[in-house]
Amino acid sequence: IPAAKPTITKQPVSAIYKEGFRISLMSVEAEVQGSGAGELSYQWYATDTGSVADGVALDGETDYYLRLGSLDKGTYRYYCVVTNTFEGEKTASVTSDVAVINVVPFTIASVDEYNQFATAVCNGNDFAGITVSLECDLDFENQETEMVGLYTRTSYVTKCAFSGIFDGQGHSISGVNIKRYGEVEGSNVGLFGYTLNAEIKNLKVSGVVSGEAYVGGVVGRCEKTSLS
């Protein structure tokens, strides 16, 4: 009995991401049935052209999912070969579709996109080596504004710094409303709460920013950062 050819039931999915964001897991689902069904294995490949003829196997990527992390700007193409091994040596394989990942420059053109950016930094994405560009004026209309970056000190220090380049391109962020008080929350307060090895340029900020210590309209805690 020969090895049965697997069937792919879910193909890897193409997607577009902004530079600096972690890429979601890419995955494939497959099954094998009937006589000749054995054990499934996986091998992921990268291809520059989109053709499986020039694919290069990715070392260690032998699960049903592919973990990519963060990628630089550009276009990336991946596919998976699923192999059924029957009786230890008989094999049959199937190749998935090629999924395309496009990583585009990080731009902010709305309050929602600003909030996504601020949340990403506070979740530990420092954007080191990445330029974030403001594409238009933003108005928070005096609504509570999320800080970009965080530095708090209790029995231990919690810190999430912005370490990239923020280019306002001459635009303004107005109606900012940041009010932080208390022993923990009241320090290191600003539109950018904490920056490290960063650059902020061509940006105008207006609104209300208040706290108890290390308070700035643009940056609260500023380490090795250029403001221009």
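Judged by distance alone, the side chain of Glu212 and the main-chain N or O of Gly182 form a donor-acceptor pair under 3.5 Å. When atom types are taken as modelled, the side chain of Asn84 and the backbone of Gly38 share a donor-acceptor pair closer than 3.5 angstrom. Remark: side-chain polar atoms of Gln43 are paired, donor with acceptor, to backbone N or O of Leu58 under 3.5 angstrom. For Tyr79 (side chain) and Val52 (main-chain N/O), a donor-acceptor pair under 3.5 Å exists by modelled atom type. No donor-acceptor pair under 3.5 Å is formed between the side chain of Lys5 and the backbone N or O of Val94. Proximity of a side-chain donor or acceptor of Trp44 to a complementary backbone N or O of Asp63 within less than 3.5 Å is detected. Distance alone, capped at 3.5 Å, is enough to place a donor-acceptor pair between the Arg77 side chain and the Asp48 backbone. Judged purely by atom type and a 3.5 angstrom limit, Ser14 uses its side chain to pair as donor or acceptor with the backbone of Val100. At distances below 3.5 Å, at least one donor-acceptor pair connects side-chain atoms of Thr49 with backbone N or O atoms of Ser51.
Side-chain contact between Glu135 and Glu113 is absent, with no heavy atoms from C-beta onward closer than 4.5 Å. In this structure, the side chains of Val82 and Tyr42 come closer than 4.5 Å at one or more pairs of heavy atoms. Residues Asp139 and Asp137 form no side-chain contact, since every pair of their non-hydrogen atoms from C-beta on lies 4.5 Å or further apart. Within the 4.5 Å cutoff, side-chain heavy atoms of Leu203 are placed close to those of Ile173. Here the side chains of Lys201 and Ser228 are in contact, with some heavy-atom distance below 4.5 Å. Looking at heavy atoms from C-beta onward, Leu138 lies in side-chain contact with Ile108 at the 4.5 angstrom threshold. Residues Asn188 and Thr152 have side chains not in contact (no heavy-atom distance under 4.5 Å, counting atoms from C-beta outward).
Among all heavy-atom pairs drawn from Ala92 and Ala3, the shortest one is CB-O, 3.7 Å. Here the closest non-hydrogen pair linking Glu19 and Val103 is CA-CG1, 3.6 Å. Across all their heavy atoms, Ala120 and Phe21 have their closest contact at CB-CE2, 3.8 Å. Taking all atoms of both residues into account, the shortest heavy-atom contact from Glu185 to Arg180 is O-CB, 3.0 Å. Taking every heavy atom of both residues into account, Ser35 and Ala4 meet most closely at O-CB, 3.7 Å. Here the closest non-hydrogen pair linking Ser133 and Thr131 is OG-CG2, 3.8 Å.
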Handout entry: side-chain contact (heavy atoms from CB on, under 4.5 Å) assessment of Val208 paired with Asn142
Key = CA-CA 8 Å; Val208 176; Asn142 300 317; 5.7 Å; no
Problem - Pair Ile101-Met26, side-chain contact (heavy atoms from CB on, under 4.5 Å): steps then yes or no - result: CA-CA 10 Å; Ile101 300 295; Met26 183 178 289; 3.6 Å; yes
Exercise for the section: Assess whether side chain to side chain donor-acceptor pair (under 3.5 Å) is satisfied between Tyr78 and Ser96, documenting all intermediate values. Expected result: CA-CA 9 Å; Tyr78 304 97; Ser96 76; over 6 Å; no
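Criterion: ILVMFWY side-chain heavy atoms under 4.5 Å apart, direct or through other members. Under it, Tyr181 and Met147 are not part of a common hydrophobic cluster. The cluster map of Ile, Leu, Val, Met, Phe, Trp and Tyr, joined by side-chain heavy atoms under 4.5 Å apart, puts Leu66 and Tyr45 in different clusters. Each of Leu191 and Leu196 belongs to its own hydrophobic cluster when Ile, Leu, Val, Met, Phe, Trp and Tyr are linked at side-chain heavy-atom distances under 4.5 angstrom. In the hydrophobic cluster analysis, where Ile, Leu, Val, Met, Phe, Trp and Tyr join through side-chain heavy atoms closer than 4.5 angstrom, Tyr194 is grouped apart from Val176.
Between the side chains of Thr119 and Glu146, at least one donor N or O lies within less than 3.5 Å of an accepting N or O. Looking at Ser187 and Tyr151, their side chains never bring a donor and an acceptor atom within 3.5 Å of each other. Side-chain contact, Asn177 with Thr145: no donor N or O sits under 3.5 Å from an acceptor N or O.
Distance check: Arg67 CZ to Ile23 CD1 gives 13.0 Å after rounding to the nearest 0.5 Å. Atoms CG and CG, from Asn197 and Asp126 in turn, are 9.5 Å apart once rounded to the nearest 0.5 Å. With rounding to the nearest 0.5 Å, the separation of CZ in Phe86 from CD1 in Ile1 is 5.0 Å. The CZ atom of Phe162 lies 9.0 Å from the CD1 atom of Ile130; values are rounded to the nearest 0.5 Å.
Contacts of Tyr17 classified as ring pair (Phe, Tyr, Trp, His ring centres under 6.0 Å), with partners at least two apart in sequence or in another chain: none. The side-chain contact (heavy atoms from CB on, under 4.5 Å) check on Ser70 picks up Arg22, with sequence neighbours excluded. For Glu29, there are no salt bridge (Lys or Arg N to Asp or Glu O under 4.0 Å) partners two or more places apart in sequence or in a different chain.
Remark: Tyr214 OH is loosely packed, at most 12 non-hydrogen atoms of other residues, nucleotides or ligands lying under 6.0 Å away. Remark: Lys224 NZ is loosely packed, at most 12 non-hydrogen atoms of other residues, nucleotides or ligands lying under 6.0 Å away. Within 6.0 Å of atom CG in Asn123, more than 12 heavy atoms from other residues, nucleotides or ligands are found, so the atom counts as buried in its surroundings.
Taking the six-membered ring where the residue is Trp, the centroids of Phe127 and Phe117 are separated by under 6.0 Å.
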